[in-house]
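All values derive from a computational prediction rather than experimental measurement.
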Amino acid sequence: DRPARLILAEDVTAHLADERELVYRASHDLITGLPNQHALMEWMDVRIAAGAPFDVAYLQLVGMDAIGDTFGIHVSTGILQVVAARLAQLSDGHGYLAAITHQSFALSDAKRLTESLLQAMADCIAEPIYYKDTQHQISVVIGVAHYPHDSIQSDALLARAALAAH
């Protein structure tokens with residue numbers, strides 16, 4: 001008599017894909033595909049723990065409410081996606097870009113954020129946006145905070161940068 005063995009096998013491919021999707025949704029803005037505020041805070045916390053200085057810029061879009069009120073949420077969402085793509089292309093290699101709200105982004109960099117980079121970001125946002133047979137013009141106000149000068153906590157740094165934008 002041979003001992004009986006029971007072998008169970010289960011395909012966990014779908015389960016693993018679901019877990020990856022949940023991780024992505026927890027760390028990314030679903031409209032823009034960019035990392036979200038939570039992911040940015042984690043990035044900044046790692047830099048803070050290492051004691052490495054960095055800058056964070058808060059980019060507040062001006063004019064998005066009027067677009068949403070006039071043309072609807074689908075157009076304002078499309079405009080946000082266009083702006084995110086422009087900023088992602090411009091900031092490539094210049095730190096960590098994140099979507100904060102439906103009207104704001106943040107860029108954090110281990111190096112000093114230069115005036116020329118910030119001006120280039122403002123200029124790319126101010127370029128006319130053509131979406132669904134309409135043309136739109138928005139602008140941006142930008143505030144910058146520096147670690148460790150302005151704060152030693154990531155949430156306070158982002159708040160200082162946002163305050164500096166106003």
Side-chain angles (χ1 to χ4, degrees), residues 20-48 52-147 150-151 154-166:
R20 282 191 299 275
E21 177 70 15
L22 286 174
V23 168
Y24 180 85
R25 286 176 175 259
S27 63
H28 286 76
D29 176 72
L30 299 181
I31 293 173
T32 64
L34 293 174
N36 62 18
Q37 182 175 339
H38 177 74
L40 174 66
M41 295 296 187
E42 286 183 353
W43 186 92
M44 290 193 300
D45 286 340
V46 168
R47 303 282 313 161
I48 290 168
F54 63 91
D55 290 350
V56 60
Y58 188 88
L59 295 84
Q60 176 69 48
L61 304 179
V62 178
M64 291 298 291
D65 283 336
I67 292 170
D69 292 346
T70 305
F71 297 97
I73 190 77
H74 65 287
V75 172
S76 63
T77 297
I79 299 297
L80 191 65
Q81 291 168 335
V82 169
V83 171
R86 287 180 181 180
L87 290 174
Q89 183 177 14
L90 185 63
S91 66
D92 188 33
H94 290 284
Y96 197 90
L97 178 67
I100 304 302
T101 70
H102 69 284
Q103 295 185 19
S104 63
F105 297 89
L107 176 67
S108 191
D109 198 343
K111 303 175 194 135
R112 285 277 182 212
L113 292 171
T114 64
E115 190 67 35
S116 61
L117 174 61
L118 296 175
Q119 186 59 54
M121 295 185 113
D123 292 344
C124 90
I125 290 170
E127 290 177 17
I129 298 169
Y130 301 94
Y131 185 80
K132 301 266 187 192
D133 299 324
T134 58
Q135 178 181 339
H136 306 276
Q137 191 84 38
I138 60 174
S139 60
V140 64
V141 289
I142 301 174
V144 178
H146 313 280
Y147 170 81
D150 292 317
S151 180
S154 57
D155 57 345
L157 278 168
L158 186 60
R160 294 286 297 264
L163 186 61
H166 297 93

Is the backbone N or O of I100 less than 3.5 Å from a side-chain atom of S104, with the two atoms forming a donor-acceptor pair by type? no

D55 and L113 have their tightest heavy-atom pair at OD2-N, 2.8 Å

Contacts satisfying salt bridge (charged side-chain N to carboxylate O under 4.0 Å, His left out) that involve residues 119-143 (not counting sequence neighbours) are none

Any side-chain heavy-atom pair of V140 and I142 under 4.5 Å: yes

Side chain proximity check, E115 to V144, heavy atoms < 4.5 angstrom: no

Just so I know, are the side chains of Q137 and I129 near enough to count as touching, which here means a heavy-atom distance under 4.5 Å? no

Using the ring of each side chain (for Trp, its six-membered ring), is F54 parallel, tilted or perpendicular to W43, with breaks at 30° and 60°? perpendicular

Provide the closest heavy-atom pair for L157 versus V56 in the form atom of the first, atom of the second, distance. O-CG1, 3.9 Å

For the CD atom of E42 and the OH atom of Y96, what is their distance to the nearest 0.5 Å? 7.5 Å

Residues, nucleotides or ligands: over 12 heavy atoms within 6.0 Å of Q89 CD: no

H146/R112 under side chain to side chain donor-acceptor pair (under 3.5 Å): CA gap, chis, key distance, verdict: CA-CA 8 Å; H146 313 280; R112 285 277 182 212; 2.4 Å; yes

Is M121 close to L59 at the side-chain level, that is, under 4.5 Å between some pair of heavy atoms? yes

Side chain proximity check, L87 to C124, heavy atoms < 4.5 angstrom: yes

Take N36 and M41 through the side-chain contact (heavy atoms from CB on, under 4.5 Å) test and state the conclusion after the steps. CA-CA 9 Å; N36 62 18; M41 295 296 187; over 6 Å; no

Would you name the heavy atoms of L158 and A106 that are closest together and state the gap between them? CD1-CB, 3.9 Å

Could you walk me through whether L163 and Y58 pass the side-chain contact (heavy atoms from CB on, under 4.5 Å) test, one step at a time? CA-CA 9 Å; L163 186 61; Y58 188 88; over 6 Å; no

Exam field: side chain R160 to backbone A145, donor-acceptor pair closer than 3.5 Å: no

Answer yes if the side chains of Q37 and D29 hold a donor-acceptor pair under 3.5 Å, and no otherwise. no

Let me see the working for Y147 and I48 under side-chain contact (heavy atoms from CB on, under 4.5 Å), right down to the final yes or no. CA-CA 8 Å; Y147 170 81; I48 290 168; 3.7 Å; yes

Contact summary for T32 and A99, nearest pair of heavy atoms: OG1-CB, 3.6 Å

In short, M44 meets S154 closest at the heavy-atom pair CE-O, 3.4 Å

Closest non-hydrogen atoms of L107 and S91, given as atom of the first, atom of the second and distance, are CD1-CB, 4.0 Å

Just one of L80, V62, I67, V82 clears the side-chain contact (heavy atoms from CB on, under 4.5 Å) bar with I138, so which one? I67

Is the closest side-chain heavy-atom distance between P35 and L40 below 4.5 Å? no

Please examine the side chains of Q103 and Q60, heavy atoms only from C-beta on, and report whether any two atoms are closer than 4.5 Å. yes

Check: residues 68-77 side-chain donor-acceptor pairs under 3.5 Å, at least two apart:
unit_1: T70; atom_1: OG1; unit_2: A66; atom_2: O; d: 2.8
unit_1: S76; atom_1: OG; unit_2: I73; atom_2: O; d: 3.1
unit_1: T77; atom_1: OG1; unit_2: I73; atom_2: O; d: 2.8

